[in-house]
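Worth knowing before you read on, the calculation uses all heavy atoms, side chains too, and leaves out hydrogens, waters and symmetry mates. Throughout, protein chains are lettered first and strands after them, A, B, ... in sequence-line order, and every chain is numbered starting at 1.
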Amino acid sequence: MRRCNEEVAGLLQEYADLIAITGGDAFKVRVYEKAARSVGGYGREIDGMDAAALRAIPNVGASIAAKIDEYLRTGSIHQLEELRTNIPAGVRLLTTIPTLGPKKAMVLYHERGVDSIEKLEDAIHAGALEGLHGFGTKTEENLLHGIEVMRKTGSRVHIGIAMAVAEEVVPALSAVPGCERCAYAGSLRRMKDTIGDVDILASVGDPADDSAALMAAFTALPYVTEVIAHGETKSSVRTAAGLQVDLRVVPRDSWGAALQYFTGSKAHNIRTREIAVHRKLKLSEYGVFDVATGEKITSADEAEVYGMLGLPWIEPTLREDTGEIEAALSVGLPRVVTSTDIRGDLHTHTDLTDGLAPLEEMVEAAAARGYAYYAVTDHAPNLFMQRMTDEKALQQRERLRRLGTARHGMTLLHGCELNIGPEGEVDWPPEFLAGFDLCVASVHSHFTQPPEEMTRRLIRACENPYVKIIGHPTARIIGRREPVDADWPRVFDACVLTGTALEIDSFPDRLDLPSGLVRRAADRGVLFSIDSDAHAVPHLDVMRYGVGTAQRGWLTPDRVINTWPVDRLREFLRPG
DNA sequence: GCCGTTTTCGGCCCGACTGTTTTCAGTCG
């Protein structure tokens, strides 16, 4: 299902960026940014809407509706195209470097002709920015560090971007005559937090007859900008977003072996092939073979492939060779948490602060997912831009109570997302916190504290009897902000001691706590809450990424408080 | 450029932090 809301949101954001870089009206910039978020988070598909319907979207007026309409009809927006001819794409890319905004980008471009990240790096190293207003030594250091942070994720993208591509490609290829099965594999199926390229696997009756049509359809997909390779069984393309997508076509009876081969990490595959060798078998992407006779034993079904190795089917998210083989051969694999185990969402926002949808719409959408409970946790006052007040919080509580549980049978919890201050303090005093059903507390400032201070800060937040969940504990933004530095084992122990859960924030550019730390925390007995951190109705769907991260951390349902029945959850949430 | 009215133009999320600046601009959340 193609969702063009995100596409249009991206274009509006680009328009906002370009206005900002060209020194346009700051309010206009903000309006386009707001419109971009509104369209991206709008609950209905905009494709096919006319200008009047478009204007019903919040923050979309006559002018922006006309631009969207033009895009839907013609595939482009002429004002945007004009701006694009004036500002090289690389200049806009500069603003993705942390600490580098539109103003500095414009200075770099106009004064020094810098129009790419590489040129910026060269300019700094060559001392070409000396004397440039606003670019001292420290600024240069920060820019180089920002570039380094970006390089760490390299050309990889976060899972949300890769999944969106896969979920367009797979249905498109599945519809091609001759295609029998089609699925994504690789690191995407393993739910890694970042993805280098998207691996798609398709099976056909006979590759000689059927693969050509698939390859043709694949390379002709509308968002393909470059065909890197075009063969009979393998093709590679690059999308407009710069993401590489590989398609492998296999005969139907190789499906299971191929899926196994293209899903496992390299290390996992090496282990499984070693096991095969010990059993006088050979494992490849074509199947499991008897070494003595060369005869193929099985290959059509993934579980059978594992079965021939004396292993149970292994959850894709566990296939990293981090102990899953040993566990499978001895104590057994963990029964990891799945999306169907999740009974509610404990960290969500509304338009009272920086969310897009009103309370009622968020609740309605949550009820439609079949949740047993749902917490509204808007920002607390110390995140000043959100302008939360005691009165607003209390009014929201009244509104929530009036919605009640009668209509949808879902328990509504009134919560908040507190800000953990530099000393570990939070926004409200105990007597006010006592009025909430649930307090999430998160770090939103002072990200660079030394580890000792950060550790004390987090522990102090845990020790607050009203704080029950630490939100996005490392505060990382993938490709943009490094995780905060803390002595995590000590934080984990404090969580256990105080009865505080750590969050797995499911937003695809956060996935925080990251899976590696999840596993370490779980080993020490920490409990978790897997939350969407939704700011709009469509965001409720990101929960699956958090579940994937939990699986990668080997979490079982009993360790996850929002798989519990509401009574047990309420018991956990009781202050103390 | 959108919104919400004091319906026709004024107000628009606002405070902290950082670096380079000597009084503030840019960036971020």
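- When atom types are taken as modelled, the side chain of S506(A) and the backbone of D531(A) share a donor-acceptor pair closer than 3.5 angstrom.
- One atom, CD1 of I420(A), and another, P of dA16(B), lie 19 Å apart when rounded to the nearest Å.
- For dT7(B), the base is syn relative to its sugar; the glycosidic angle is within 90° of 0.
- In this entry the distance linking NE2 of H535(A) with C1' of dG29(B) reads 11 Å, nearest Å.
- Between L143(A) atom CG and dG26(B) atom C1' there is a gap of 12 Å when expressed in whole angstrom units.
- In this structure, E130(A) places its CD atom 15 Å from C1' of dT20(B), rounding to the nearest Å.
- With hydrogens and angles disregarded, no donor-acceptor distance shorter than 3.5 Å links the side chain of E361(A) to the backbone of V537(A).
- Put simply, NZ on K138(A) is 16 Å from C1' on dG26(B), counting in whole angstrom units.
- For the pair L54(A) CG and dG1(B) P, the interatomic distance rounds to 17 Å; values are reported in whole Å.
- Remark: D378(A) does not engage K392(A) in a salt bridge, criterion side-chain N to carboxylate O under 4.0 Å.
- A salt bridge links E452(A) with R456(A): the closest approach of a Lys/Arg side-chain nitrogen to an acidic carboxylate oxygen falls below 4.0 angstrom.
- With rounding to whole Å, K104(A) atom NZ is found 12 Å from dA25(B) atom P.
- The side chain of K103(A) approaches dG26(B) more closely than any other nucleotide in the set dG1(B), dG26(B), dT20(B).
- Salt bridge status for D512(A) with R476(A): absent, with no side-chain N to carboxylate O gap under 4.0 Å.
- Checking dT8(B) for Watson-Crick or G-U wobble geometry (two distances, each under 3.5 Å) identifies no partner in any strand.
- As rounded to the nearest Å, dT27(B) and dT20(B) have C1' atoms that lie 14 Å from one another.
- DNA chain B is contacted by F27(A), K28(A), R30(A), V31(A), Y32(A) of residues 26-37 of chain A, taking any non-hydrogen atom closer than 4.0 Å.
- Rounded to whole Å, the separation between the C1' atoms of dT21(B) and dC3(B) comes to 37 Å.
- Geometrically, R343(A) does not engage Y373(A) in a cation-pi contact defined by less than 6.0 Å to the ring centre and at most 45° from the axis.
- Atom P of dC12(B) sits at a distance of 14 Å from the matching atom of dT5(B), rounded to the whole Å.
- Of all nucleotides listed (dG19(B), dG29(B), dG1(B)), dG29(B) comes nearest to the side chain of F447(A).
- As judged by a 4.0 angstrom heavy-atom cut-off over every strand, T137(A) is placed among residues touching the sugar-phosphate backbone only.
- Side-chain nitrogen and oxygen atoms of T99(A) include none within less than 4.0 Å of the OP1 or OP2 phosphate oxygen of dC28(B).
- Closest to the side chain of L383(A), from the set dT21(B), dG29(B), dT27(B), is dG29(B).
- Atom C1' of dT8(B) sits at a distance of 14 Å from the matching atom of dC2(B), rounded to the whole Å.
- With a glycosidic angle further than 90° from 0, dT18(B) counts as anti.
- For Y466(A) and W428(A), the distance between ring centers is not under 6.0 angstrom.
- OP1 or OP2 of dC17(B) has at least one side-chain nitrogen or oxygen of H446(A) nearer than 4.0 Å.
- The pair E81(A)-R84(A) meets the salt-bridge criterion, with a side-chain N (NZ, NE, NH1 or NH2) lying under 4.0 Å from an Asp/Glu carboxylate O.
- At a threshold of 4.0 angstrom between heavy atoms, the contacts of N142(A) are confined to the sugar-phosphate backbone, with no base atom among them.
- Using a 4.0 Å heavy-atom criterion, one finds that R481(A) contacts the sugar-phosphate atoms exclusively.
- Distance NE2 (H145(A)) to P (dT18(B)): 15 Å, rounded to an integer number of Å.
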